[in-house]
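Source: prediction; values computed, not measured. The first residue in the sequence is number 1, and the count goes up from there.
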Amino acid sequence: MFRWLDATPYAVLVIVAILLLAAPVRPMPHVVEKLIMFKNGNLTKPIDILDLLFHIFPTVLLAIKVVRDTIHP
């Protein structure tokens with residue numbers, strides 16, 4: 001199921017995760033903005049929720065890859 005993730009190099013995942021976490025740089029990254037909205041209880045629109053998921057998805061994939069490689073070296 002995760003063969004494609006096992007075959008993906010760490011460098012690719014790290015670069016994509018950093019770029020999407022930081023995008024857009026100005027005025028504030030979307031992830032930070034959406035997390036603030038979540039903290040304040042304002043994250044209610046489906047488009048905002050999907051935007052947050054889109055921006056954190058590569059980071060989640062990177063975390064899954066690290067866990068898989070730690071468990072099954």
With clusters defined by side-chain heavy atoms of hydrophobic residues (ILVMFWY) lying less than 4.5 Å apart, directly or transitively, does [Y] cluster with [X]?
X	Y	result
Ile18	Val12	no
Val14	Trp4	yes
Phe2	Leu61	yes
Leu53	Leu5	no
Val67	Tyr10	no

Would you say Leu50 has more than 12 foreign heavy atoms packed within less than 6.0 Å of its CG?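 For Leu50, atom CG is crowded (more than 12 foreign heavy atoms under 6.0 Å).
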Do the side chain of Lys65 and the main chain of Thr8 share a donor and acceptor less than 3.5 angstrom apart?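 Present.
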Can you name the nearest heavy-atom pair linking [X] to [Y], along with the distance?
X	Y	result
Val31	Leu20	CG2-O, 4.3 Å
Leu43	Leu52	CD2-CD2, 3.9 Å
Thr59	Ala17	OG1-CB, 3.7 Å

Supply the atom-to-atom distance [X] [atom1] to [Y] [atom2], rounded to the nearest 0.5 angstrom.
X	Y	atom1	atom2	result
Phe38	Asp48	CZ	CG	13.0 Å
Met28	Leu35	CE	CG	11.0 Å
Asn42	Ile36	CG	CD1	11.0 Å

Ile64 and its side chain to side chain contact (heavy atoms under 4.5 Å, CB included) partner, picked from Val60, Leu62, Val66: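 Option passing the side chain to side chain contact (heavy atoms under 4.5 Å, CB included) with Ile64: Val60.
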